[in-house]
Amino acid sequence: MIDPVLLRTSMGVVRAGLARRGLDVDVAAYEALEAERKELQGRTQALQASRNARSRAIGIAKGKGEDAAALMAEVAGLGEELRDGEARLAGLQQRINDFVLGLPNIPHASVPDGRDETGNVEVRRWGAPPVFDFAARDHVELGERLHGMDFETAAKIASARFVILSGALARMQRALIQFMLDLHTREHGYTEVYVPYMVNADSMRGTGQLPKFAADLFAIPEQGFYLIPTAEVPVTNIARDRILAAEEMPRRFVCHTPCFRSEAGSHGRDTRGMIRQHQFEKVELVQLVEPTLSYQALEELTGHAEQVLRRLELPYRVMVLCAGDMGFAAAKTYDLEAWLPSQGAYREISSCSNFEAFQARRMLARYRHRETGRPELLHTLNGSGLAVGRTLIAIMENHQNADGSIRVPPALQPYMGDMTAIAPP
RNA sequence: GGAGAGGUGGCAGAGCGGUUGAAUGCACCGGUCUUGAAAACCGGCGUAGGGCGACCUACCGAGGGUUCGAAUCCCUCCCUCUCCGCCA
């Protein structure tokens with residue numbers, strides 16, 4: 001959520017920032033609502049003050065044993081107008097709130113201009129795409145030859161966009177999760193957490209999935225739950241309605257969860273294989289930091305995610321997303337894109353973002369400032385470290401051999417019983 | 001699922017229809033004292049909104065209701081604890 005004070009006092013700044021996202025804020029509509037609110041609030045509060053004063057006088061009179069009938073008659077007339085004003089004010093504030101909740105975050109000054117993914121800028125590149133002296137296969141073909149990847153049976157059991165992994169591939173996915181969790185907890189200073197995979201609407205609102213993106217979520221309406229689309233939601237909401245001590249900052253969490261996404265609006269995209277699924281595993285990094293340190297933290301967090309790719313010997317590049325391609329809540333985002341030989345392209349495998357106070361304001365996630373001792377909004381960040389399903393297919397495709405076997409990178413071997421390769425039966 | 005007890009400021013914990021945004025303690029901030037610190041003493045110390053300002057308004061788990069007036073009474077929901085049942 002954008003700071004309402006900024007909205008009221010510096011609408012120009014907000015408007016210019018959101019224009020970089022290609023969004024035209026309806027300033028007139030907002031200002032009309034605000035003007036009405038201001039007027040109605042003043043009037044209603046004056047009425048409340050008047051009622052309160054008289055009620056207090058009645059209390060005093062009765063306390064002295066005097067007759068308060070005249071005062072009570074006086075205040076009775078206020079009732080209807082007061083109730084009406086309060087109701088209208090509440091409705092108005094709701095509308096203003098909905099308007100503000102629907103505004104995305106303002107891009108950071110260092111974010112490049114651009115309206116879609118063609119405006120993203122490459123920051124750096126690591127490793128070189130492999131050159132094969134045979135006809136390279138895609139992960140679907142490799143998976144089938146290994147008897148380890150079955151989309152048809154998954155579709156029978158559930159629907160399209162699900163997969164069944166078995167044998168060595170299922171094991172490799174589990175190994176990847178273990179490897180990532182160990183790397184981030186042992187070397188990068190994260191605390192592992194286990195969290196609910198279903199959350200309530202407040203949590204979804206806190207991180208920004210609701211109210212705007214309900215269509216992207218799987219919901220269980222009977223109980224009022226939503227399946228998490230990323231561990232970001234439960235993990236970041238740990239800080240909701242809390243005031244952390246300055247000494248407990250920064251907090252760094254790493255969390256493995258399945259992620260559930262309806263993928264509404266992406267029909268026909270990435271229909272083949274495991275690239276885009278309704279359910280996938282992800283290891284997520286989340287940081288809660290003091291505001292002055294959040295951009296430094298973003299660089300560090302991105303580096304932590306990159307380490308996974310390097311140790312798995314997967315060529316990748318780092319992109320800074322342009323203003324028009326960033327997610328709703330982000331102020332700045334780096335995408336890590338791993339090379340996928342079957343597509344001859346780099347594909348997103350991690351997204352690392354600084355949300356500044358955007359999520360914290362929605363969640364009322366605060367910390368006690370070291371000097372002032374006052375509660376202040378903290379900054380939230382997160383990044384995939386990494387998307388496990390996509391990491392699996394990147395390994396399969398980049399480390400494949402002519403016979404259809406897959407080389408297990410040395411970093412992963414301890415997690416695979418020291419296997420150096422997995423081969424078709 | 002059944003029975004009972006609760007949810008109040010950063011924390012603990014009073015208040016149970018009337019000048020209560022809320023006693024008290026701890027924590028925190030400022031001051032006196034001290035070489036410095038501690039202790040003691042004095043003062044301050046919730047969040048949000050409105051107003052140039054004096055000040056006003058809202059908030060005691062959430063939402064409704066009763067009342068001139070609700071932290072206090074009533075209803076619904078959520079959560080916590082104890083006992084019983086069930087269960088991995």
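In what follows, chains are A, B, ... by sequence order, proteins preceding strands, each numbered from 1. Scope of the values below: all heavy atoms of this structure, side chains included, with no hydrogens, waters or symmetry mates.
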When the side chains of residues 95-106 of chain A are checked against the rest of the protein, which donor-acceptor pairs come out under 3.5 Å, sequence neighbours left out?
from: Asp98(A); atom 1: OD1; to: Gln94(A); atom 2: NE2; distance (Å): 3.0
from: Asn105(A); atom 1: ND2; to: Ala329(A); atom 2: O; distance (Å): 3.0
from: Asn105(A); atom 1: ND2; to: Phe355(A); atom 2: O; distance (Å): 3.2

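- For Asn200(A) and C78(B), the CG to P distance is 13 Å, given to the nearest whole Å.
- A22(B) sits 13 Å from G13(B) when the C1' atoms are compared, rounded to a whole Å.
- One atom, CZ of Arg240(A), and another, P of A62(B), lie 14 Å apart when rounded to the nearest Å.
- Residue contacts shown for Ile58(A) include a base, since a base heavy atom lies under 4.0 Å away.
- Residue Glu248(A) contributes atom CD, which lies 11 Å from atom C1' of G10(B) at whole-angstrom precision.
- To the nearest whole angstrom, the two P atoms, one in U80(B) and one in U8(B), are 14 Å apart.
- With both ends at atom C1', the span from G44(B) to C59(B) equals 23 Å, rounded to whole Å.
- Secondary structure note: stems in RNA chain B built from 3 or more consecutive Watson-Crick or G-U wobble pairs under 3.5 Å occupy B:1-7 with B:78-84, B:10-12 with B:24-26, B:28-32 with B:40-44, B:46-50 with B:55-59, B:61-65 with B:73-77.
- Taking Asn200(A) as the reference, Asp202(A), Ser203(A), Arg240(A) meet the side-chain contact (heavy atoms from CB on, under 4.5 Å) condition, with sequence neighbours excluded.
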When the side chains of residues 22-33 of chain A are checked against the rest of the protein, which donor-acceptor pairs come out under 3.5 Å, sequence neighbours left out?
from: Asp24(A); atom 1: OD1; to: Arg15(A); atom 2: NH2; distance (Å): 3.2
from: Asp26(A); atom 1: OD1; to: Ala29(A); atom 2: N; distance (Å): 3.1

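- For residues 250-271 of chain A, the pairs satisfying salt bridge (charged side-chain N to carboxylate O under 4.0 Å, His left out) are Arg252(A)-Glu300(A), Glu263(A)-Arg276(A), Asp270(A)-Arg276(A), Asp270(A)-Arg347(A), with sequence neighbours left out.
- The side chain to side chain donor-acceptor pair (under 3.5 Å) test with Gln307(A) singles out one residue from Arg310(A), His304(A), Arg311(A), and that residue is Arg311(A).
- Nucleotides of RNA chain B nearest to Glu86(A) and Lys62(A) differ in position, and the one nearer the 5' end is that of Lys62(A).
- Residue order along RNA chain B, read from the 5' end via each residue's closest nucleotide, puts Ile243(A) first among Ile60(A) and Ile243(A).
- Straight-line distance between the P atoms of G43(B) and C77(B): roughly 48 Å, to the nearest whole Å.
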Enumerate, atom names and distances included, each donor-acceptor pair closer than 3.5 Å involving a side-chain atom of residues 1-11 of chain A, sequence neighbours excluded.
from: Asp3(A); atom 1: OD1; to: Val5(A); atom 2: N; distance (Å): 3.0
from: Thr9(A); atom 1: OG1; to: Val5(A); atom 2: O; distance (Å): 2.7

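- With both ends at atom C1', the span from A40(B) to G46(B) equals 28 Å, rounded to whole Å.
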With sugar-phosphate taken as primed atoms, P, OP1 and OP2 and all else as base, the protein-contact string of nucleotides 47-56 of chain B at under 4.0 Å (heavy atoms; B, S, -) is S-BSS----B

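- Ring geometry for His188(A) versus His184(A): interplanar angle of 30 to 60°, hence tilted.
- Comparing G6(B) with U57(B), their P atoms are spaced 33 Å from each other, to the whole Å.
- Spacing between atom CG of Asp241(A) and atom P of U8(B) amounts to 14 Å, rounded to whole angstrom units.
- Judged as a salt bridge (Lys or Arg N to Asp or Glu O under 4.0 Å), and not counting sequence neighbours, Arg51(A) has no contacts.
- With both ends at atom P, the span from A27(B) to C11(B) equals 16 Å, rounded to whole Å.
- Separating the CG atom of Leu40(A) from the P atom of U57(B) is a distance of 16 Å, rounded to the nearest angstrom.
- Salt bridge Glu34(A)/Arg37(A): present, at least one basic N to carboxylate O contact under 4.0 Å.
- Whole-Å rounding puts the Asp202(A) CG to C79(B) P distance at 12 Å.
- The distance between atom CZ of Arg88(A) and atom P of A58(B), rounded to the nearest whole Å, is 18 Å.
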Ignoring hydrogens and angles, write down the donor-acceptor pairs under 3.5 Å from the side chains of residues 411-425 of chain A, residues two or more places apart or on other chains.
from: Gln413(A); atom 1: NE2; to: Val408(A); atom 2: O; distance (Å): 2.9
from: Tyr415(A); atom 1: OH; to: Asp182(A); atom 2: OD2; distance (Å): 2.7

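- Comparing the P positions of A62(B) and A71(B) gives an interatomic distance of 12 Å, to the nearest angstrom.
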